[in-house]
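Note sheet for the following structure.
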Amino acid sequence: MLLEGTFPDSGAGFTILSMISSDFRGVDPAQLSPQGAAAEVERLVEVIGRHDRLYYEEAAPEIPDADYDALFRRLQDLEAAHPSLRAPYSPTQRVGGEPKQEFPNLEHAAPMLSLDSSYEPGDVRRFDQRLRKALGNEKVRYILEPKFDGVSLELVYENGILTRAVTRGNGRVGEGVTENVRTIRSVPLRLREDKRAAPPFLSVRGEVLMCLSDFHALNQRRIEAERYKNPRNATSGALRQLDSRVTSKRPLTVRTYDVLAIKGHSFESDMEAMSALKAWGLPTPDPESVKLAHSVAEIADYHRQFATTRDSLDYEIDGVVIKLDDLSLRPRLGSTSHHPRWAMAFKFEPHRKVTRIRSIRTDVARTGVLTPVAVLHPVKIGGVKVSRASLHNREELDRKDIREGDSVWIRRAGDVIPQVVERVQEEDRERGEPFRMPAKCPACGTDLVEKGPFTACPNHFGCPAQLKGRIVHFCSRNALDIRGLGEKAANLLVKEGLVKKLADLFDLQKEDLTALEGFGEASADNLVEAIQGRREVQLPRGWSPHALAPSLRRALRGRRRVRLANFVAGLGIPEVGVTVAGDLATHFRSFAAIRDATKEALEEIPGVGPKMSAAIRGFFDDPAVSTALDNLIAKGFRFSPPDGTPAGEEGRGWVGRTVVLTGVLKNMKRSEVGRALRKRGARITSAVSARTDLVVAGSKPSESKLARARELDVKVMGEEEFLDVWPPGAGVEGED
Ligand code: IVH
């Protein structure tokens with residue numbers, strides 16, 4: 001455990017433990033000599049920098065958050081007591097002060113050129129031939145890297161300290177976004193020097209990115225109209241914020257891949273430069289993803305491998321970059337004004353193609369919003385046949401001026417619904433009439449209403465299309481996860497009048513289903529079973545499952561409690577996706593409490609603003625929703641407690657408690673106790689700190705933990721005493 005050891009990178013004999021405990025001992029920073037304070041500040045800056053790197057860059061934190069916070073607070077306290085020690089590269093100085101009026105124009109240390117690029121293997125062959133010809137008998141060695149689809153950036157370090165961050169701009173001059181880039185935790189404010197001394201001047205080029213998972217989470221928290229189209233737009237927007245406090249809340253990261261200029265250091269190869277960047281603590285591409293190649297065949301292999309794995313990466317790449325690795329050979333090839341001749345991008349097959357629109361129709365979603373959909377002459381994009389694509393909404397359709405019969409670009413990215421990107425200009429073709437949204441709902445005939453850019457059917461509880469959408473959503477993976485209830489089945493159930501409201505799902509009998517087209521005995525059985533499996537069975541008082549017939553017992557075992565978060569997510573509350581549903585469940589802990597929460601109570605949840613709270617309240621206050629929910633709840637659900645929250649009575653008292661478990665327990669496994677406590681809302685940490693509420697000590701406990709607990713006056717319980725407050729078996733049952 002690193003906490004108790006010597007920190008390898010921090011110099012002789014220094015232990016983190018001494019630093020954390022000095023905080024807990026409460027040594028007043030003002031009492032420290034200037035030299036003592038300076039030494040501690042210096043070490044803290046380094047240690048926090050290291051933990052930032054481990055956390056943000058390598059996703060391998062070595063200490064619990066609470067210990068990190070303690071280090072950070074200690075540094076803040078020291079800097080407050082000794083303001084002259086507050087260095088611009090201190091981690092406390094990442095987020096700056098007042099918003100700016102504009103960004104200064106700054107010249108790059110060297111031109112930031114573009115890359116020549118192509119999708120065609122033939123172009124790569126020709127590139128290779130050109131290089132070989134120009135270099136005569138020299139052995140040609142390429143370095144291959146992923147081509148990050150982000151925003152290009154220059155970072156300048158003077159004497160190891162970050163002094164400038166500049167966007168690409170026109171390649172010669174860009175915008176100085178230094179304050180914003182300082183907030184990106186994977187960007188070191190000061191270069192590491194433990195492996196290599198920092199050069200007096202270093203300018204590196206890199207790409208600012210937003211991970212896809214972070215991007216989706218960010219978008220989830222935004223309302224429809226304010227969502228970003230893709231991670232690149234979100235990144236670019238974040239980087240160009242005039243208020244760096246806003247940027248600091250955006251999950252950006254950086255990959256550096258090129259030395260633009262350097263003084264006092266030189267490299268022979270790009271590979272060597274890359275390892276120097278890494279040694280200086282700069283975030284570089286994953287070493288596994290960088291390869292050397294000596295032939296076009298090897299390049300093609302690399303490209304093929306990435307083309308198939310790109311969709312599984314957490315960031316977007318749009319090709320691979322091929323560069324001559326030997327830096328001494330590059331000047332022999334030179335550059336055009338636009339791109340160097342020693343490098344090119346080998347892009348992936350586009351996820352977009354051109355086709356013609358057969359007709360435009362409208363789909364009614366579960367929210368009542370009408371989506372115009374283009375019915376296409378089918379095209380294959382990335383191996384998948386596409387015959388329909390979304391046109392988003394009325395405003396978007398008007399803006400792009402897309403009509404039936406038009407030729408259009410279609411884009412398909414990952415598993416997202418294909419979209420119509422834009423119209424292909426065709427000079428001499430007679431075009432059809434501009435598309436008009438219908439006046440009445442195509443599903444129920446109700447007069448439609450306009451809501452901003454959207455057109456919607458207001459008949460929420462009578463419109464069959466909305467009901468169908470609600471059923472599909474309620475049964476989807478992130479909600480009740482009822483297999484076998486997709487679009488097709490939902491359509492039939494609604495059309496045949498078998499389901500008029502969500503609650504009716506739970507009254508479906510096998511015979512109802514076998515009468516429908518496409519259902520056999522087995523599929524009908526499975527669906528009924530899957531639906532019933534989501535309800536809690538009420539056994540008569542005094543009955544034990546053991547008294548039941550084996551077949552019934554088996555059926556019961558197959559039943560899973562529904563997670564409260566999933567149930568809430570399935571209701572289709574406006575603005576509430578999986579993440580917010582999870583937050584609501586964790587915060588309020590019961591469905592009744594969520595349903596009754598006031599706007600103010602809702603807004604206590606971080607990330608829930610006035611718009612969202614109004615939407616949630618509006619949903620529950622709608623009398624029709626209320627009746628529908630009463631009907632649904634009457635079907636009998638018992639929700640499993642959300643993680644981090646107490647399970648009814650047994651959980652009482654553990655919420656928010658920080659517990660350390662040490663030594664060997666006789667009656668249960670430490671991991672089981674940990675899991676059960678966590679489920680009841682406790683935090684389990686490995687180190688004893690001032691925040692620890694309880695240490696549970698089995699046999700052979702850690703002496704140092706006990707000593708620290710004594711020192712900090714933290715309560716310590718033996719196993720027997722603990723069992724009194726925590727009966728064995730309580731809550732060790734699985735959740736699902
Ligand atoms: S090398 C002039 N390597 O792609 C050569 N560029 O279309 C220096 N890019 O805006 C660039 N990943 O910012 C290089 N691994 C990588 C890259 C990369 C992304 C960007 C670059 C440029 C664009 C060119």
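Whatever order the structure lists them in is the order used to number ligands and atoms, beginning at 1.
Counting protein heavy atoms only, atom 5 (C) of ligand 1 is closest to Leu115 CD2, 3.7 Å. Looking only at protein heavy atoms, the nearest one to atom 12 (N) of ligand 1 is Phe148 N, 3.0 Å. Among protein heavy atoms, the minimum distance from atom 6 (N) of ligand 1 is reached at Tyr257 CE1, 3.3 Å. Here the heavy atom of the protein found nearest to atom 15 (N) of ligand 1 is Glu145 OE1, 2.8 Å.
The pair Glu316-Arg232 does not meet the salt-bridge criterion, since no charged nitrogen lies less than 4.0 angstrom from a carboxylate oxygen.
Checking Ser390 against Gln419 by side-chain atom types alone, no donor-acceptor pair falls below 3.5 Å. When only modelled atom types and interatomic distance are considered, Glu268 and Ser328 share no side-chain donor-acceptor pair under 3.5 Å. Remark: the Ser476 side chain and the Asn478 side chain contain no N/O donor-acceptor pair separated by less than 3.5 Å. A donor and an acceptor atom, one from each side chain of His265 and Arg196, are located under 3.5 Å apart. Side-chain atoms of Glu145 and Ser289 include no donor-acceptor pair closer than 3.5 Å.
The shortest heavy-atom contact between Gly176 and Leu106 is CA-CD1, 3.7 Å. Contact detail for Glu179 and Ser244: the closest heavy-atom pair is O-CB, 3.9 Å.
Looking at Arg205 against ligand 1, only its side chain comes within 4.0 Å, counting heavy atoms. Under 4.0 Å from ligand 1, not a single heavy atom of Ala343 appears. The residue His339 has no part lying near ligand 1, judged by heavy-atom distances below 4.0 Å. With a heavy-atom cut-off of 4.0 Å, Pro285 does not touch ligand 1 at all. At a heavy-atom cutoff of 4.0 Å, ligand 1 is contacted by both the backbone and the side chain of Lys147.
Taking only nitrogen or oxygen atoms, main chain and side chain alike, Trp342 does not reach within less than 3.5 Å of ligand 1. Residue Pro146 has at least one nitrogen or oxygen atom sitting less than 3.5 Å from a nitrogen or oxygen atom of ligand 1, judged on distance alone.
Of the residues Asp325, Asp270, Asp128, the one that meets the salt bridge (charged side-chain N to carboxylate O under 4.0 Å, His left out) test with Arg141 is Asp325. In summary, of the residues considered (Arg356, Arg403, Arg431), a salt bridge (charged side-chain N to carboxylate O under 4.0 Å, His left out) with Glu426 occurs for Arg356 alone.
Those atoms of ligand 1 that come under 4.0 Å of a heavy atom in Ser152, given as number and element, are 10 (O), 13 (O). Those atoms of ligand 1 with a heavy atom of Pro340 less than 4.0 angstrom away are 2 (C).
Within the 4.0 Å heavy-atom cutoff, Met112 does not count among the residues contacting ligand 1. At least one heavy atom of Ser114 sits less than 4.0 Å from an atom of ligand 1.
Of the candidates Glu154, Lys347, Glu207, Glu207 brings a heavy atom nearest to atom 20 (C) of ligand 1.
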